[in-house]
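The chains referred to below are lettered A, B, ... by the order of the sequence lines, with proteins before strands, and numbering in each begins at 1. Predicted model, so just to flag it, every value in this text is computed and none were measured.
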Amino acid sequence: MEMDQLVALCKRRGFLFQSSEIYGGLNGFWDYGPMGVELKRNVREAWWRDMVTAHNEQTAPAGAPGPYEMTGLDCAIIMHPQVWKCSGHYDLFHDFMVDCRESKHRYRHDQVWGRWVEARGQRFFVTTEALGHEGLEETEQRALKFFGLRAKNADELVWDGPLVSLTTVDDSAKVLGPEAKALGSLTEPREFNLMFKTYIGALGGEESAAFLRPETAQGIFVNFKNVLDSTRVRLPFGIAQVGKSFRNEITPRNFTFRSREFEQMEIEFFCRPGESPEWYRYWRDRRFRWYVELGLSSDRLRLRDHEAAELSHYSTGTADIEYAFPFMAQGEFGELEGIAHRGDFDLRSHMEGKLDPKTRPLEVEKDEHGQPRHRGSGRDLSYFDADTKERFIPHVIEPSAGADRATLAFLCEAYCEDEVPDENGKPTKRTLMKFHPRLAPYKAAVFPLVRKDGMPEVAQAIYAELKPHFNVFYDEKSAAGRRYRRQDEIGTPYCITVDGQTLTDGTVTVRDRDSLRQWRVPKDACVDEIRRLLAGEL
RNA sequence: GCGGGUGUAGCUCAAUGGUAGAGCGACAGCCUUCCAAGCUGACGACGAGGGUUCGAUUCCCUUCACCCGCUCCA
């Protein structure tokens, strides 16, 4: 399938539009149309139902180490700025960058290294991206090349000090960029904020600066104590949240895959430290199975465990659920969901101050005065186990899914073309969306075969009967074949048609989207028939 | 952010320094007894801004968006 065809269908049938299209569009933002809003809502609701409301805390689900509780939360998008400092987003997302006018490359200001060199009456700062021995060697090579010296004349170079960060240099005109041939090609450092900044209150000003959340998870951590104190949940338990997040992606591309405003479906699952590896494996497998159950059963879906080198130091396991989107290169996959074992990093960071992920055991990151780099809340976020009389900080398993990415994967997987004989028996191309019935925007469509002989009245009565139970669509315009095709393109799994026979024996036809199979049921049995079809009982 | 390409109707595509065409779809009507039928009718577009010109959709500049490659992807 070509992505262009799916994008065209999404627009034609009202799944997805580019944001602010009449003004020329806005990069990285997308709007869901009348079909898209139903599809995405079904994705979201399937997730919430399967993970939260339908979960029975009294028995252990298949594969789970034991019973557990699930509950939900809906947090504000704007939170106290300190949240993002303790979560690590402020440091990680908030960089100063320099661009090289000559090589057109961009570097993080604090990750360019170099040392001062003087030779032949010229003194400048020669840079490299490497550190240590490699960095010393490369700066020497580059200095020699700059002056046109041979290696044997290396002693002509007078070095002033060791390798230091570019952040120590004030005059960019005296800097030789990491891949430049001339001095002064690097721009002044520019603030590069991957979080959306906003201002609280009608008056601006830096003291009122805040950020739109780059993930929903932190709202769960900062409410951990509130949930414990208000709901009587006990370990192990999970808190789920669905909501919008915002990131200034550097390169939004590939339809909705990398959007700047996107929706997450996240669970923070709290458990006893000793049991966390088992829970991690449960959630990894449970979440993978969820996508399979909703139709991503092809070989385009995979579960990939991160290798040890990819893991954060405090994490004992992370896995990605990935999908081979059509816009990706052969053999490449895009992330739908990450399941991470986060230990006690988040709760402790919000207690004690931002932890340094490079330390083990984890310690609070300190500034040059020995004070916490980012102060925590000082609140006690530990858990008291009434059975064992133990107090400890729970470990966390985080299944974090992208609602828009899942929706996009379901769209890609559903897109399908086949050939159907037309009224003359000639094969004609048919485009259909093979959504899982739970995800399909409409569950059924109701038609009178022709607009006469009382057929519309019967069809309208059936429509009215179905409407309170399912999202259904009524259509009496143009020929029956065309109406079927219209429903195929928006993925309606079943069509109910009132025909001449209905008027004599009271039965209607039900038509299956994928197989084109038709069968008759009594017109009064439509609600039950559709209900059983959707439940997979027929 | 860089380089290349592309922006014409809802979609797919024409043509043009001088009134912008078509197919499909959508809409209305007629007709139609099961997989995009037929007839009739009406609606509908040069991404945005600026410049050159008597006149610009066409040439030039800027900008926005999309596609491809690079970079980035926390």
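Among the atoms of the strands shown, base atoms are found under 4.0 Å from some heavy atom of A/D499. Nucleic acid contact for A/I22: none, since no nucleic acid atom lies under 4.0 Å from a heavy atom of the residue. Among the protein residues, A/R430 comes within range of no part of the nucleic acid, since none of its heavy atoms lies under 4.0 Å from any strand. Within 4.0 Å of A/D488, counting heavy atoms only, lies no atom of the nucleic acid at all. Here A/E476 lies out of heavy-atom contact (under 4.0 Å) with every strand. Within the nucleic acid shown, A/S478 has no heavy atom closer than 4.0 Å to any nucleic acid atom. Within the 4.0 angstrom heavy-atom criterion, only backbone atoms of the sugar-phosphate kind lie near A/Q18; the bases stay farther away. Using a 4.0 Å heavy-atom criterion, one finds that A/R486 contacts the sugar-phosphate atoms exclusively.
For the OP1/OP2 pair of B/A36 and a distance below 4.0 Å, the side-chain nitrogens and oxygens of A/R485 include at least one atom meeting the criterion. One finds a side-chain N or O of A/K11 lying less than 4.0 angstrom from the OP1 or OP2 phosphate oxygen of B/C11. Contact check, A/K477 against B/A28: a side-chain N or O comes under 4.0 Å of OP1 or OP2. Between A/N27 and the phosphate of B/C64, there is no side-chain N or O to OP1/OP2 separation shorter than 4.0 Å.
When distances run from any side-chain atom of A/R13 to the nucleotides B/C34, B/U32, B/A36, the shortest one goes to B/A36. Of the candidates B/U33, B/C35, B/U32, B/U33 carries the atom nearest the A/M455 side chain, counting heavy atoms from C-beta on.
The C1' atoms of B/U62 and B/C72 are separated by 27 Å, rounded to the nearest whole Å. Comparing the P positions of B/G21 and B/A28 gives a spacing of 27 Å, expressed to the nearest Å. For B/G3 and B/U8, the C1' atoms lie 27 Å apart once the distance is rounded to whole Å. Separation of the P atoms belonging to B/A42 and B/G23 is 14 Å when rounded to the nearest angstrom. Only the P atoms considered, B/U71 is 37 Å distant from B/A15, to the nearest whole Å. Nucleotides B/G25 and B/G44 have their C1' atoms positioned 12 Å apart, rounded to a whole Å. Using P as the reference atom, B/G51 and B/U57 are 13 Å apart when rounded to the nearest Å. B/C11 and B/C66 are spaced 15 Å apart, taking the P atom of each and rounding to whole Å.
Side chains of A/F470 and A/L534 form a contact here, defined as non-hydrogen atoms less than 4.5 Å apart. With a 4.5 Å cut-off on side-chain heavy atoms, A/D320 and A/E337 do not count as touching. Side-chain contact between A/H374 and A/Y90 is present, with heavy atoms from C-beta onward closer than 4.5 Å. A/E465 has its side chain out of reach of A/Y463: every pair of non-hydrogen atoms, C-beta onward, lies at least 4.5 Å apart.
Atom OH of A/Y23 and atom P of B/U63 are 21 Å apart (whole Å).
Judged by distance alone with a 3.5 Å cut-off, a donor-acceptor contact links the side chain of A/R258 to the base of B/C73. Side-chain atoms of A/R511 come within donor-acceptor range of the base of B/C35, with a qualifying N/O pair under 3.5 Å. Between the side chain of A/Y484 and the base of B/C34, a donor-acceptor pair under 3.5 Å is found.
Base pairing of B/G69 is made with B/C2, judged by Watson-Crick or G-U wobble geometry with both donor-acceptor distances under 3.5 Å. Pairing for B/C46 is absent, with no Watson-Crick or G-U wobble pair whose two atom distances lie under 3.5 Å. Taking a pair to require two hydrogen-bonding distances under 3.5 Å in either a Watson-Crick or a G-U wobble arrangement, B/U8 remains unpaired. As the counterpart of B/C34, no nucleotide is assigned, since no Watson-Crick or G-U wobble pattern has both distances under 3.5 Å.
Residue-environment remark: CD (A/E134) stays at or below the threshold of 12 foreign heavy atoms within 6.0 Å.
There is no side-chain donor-acceptor pair under 3.5 Å between A/T318 and A/H341.
Aromatic pair A/Y484/A/F447: ring centres closer than 6.0 Å.
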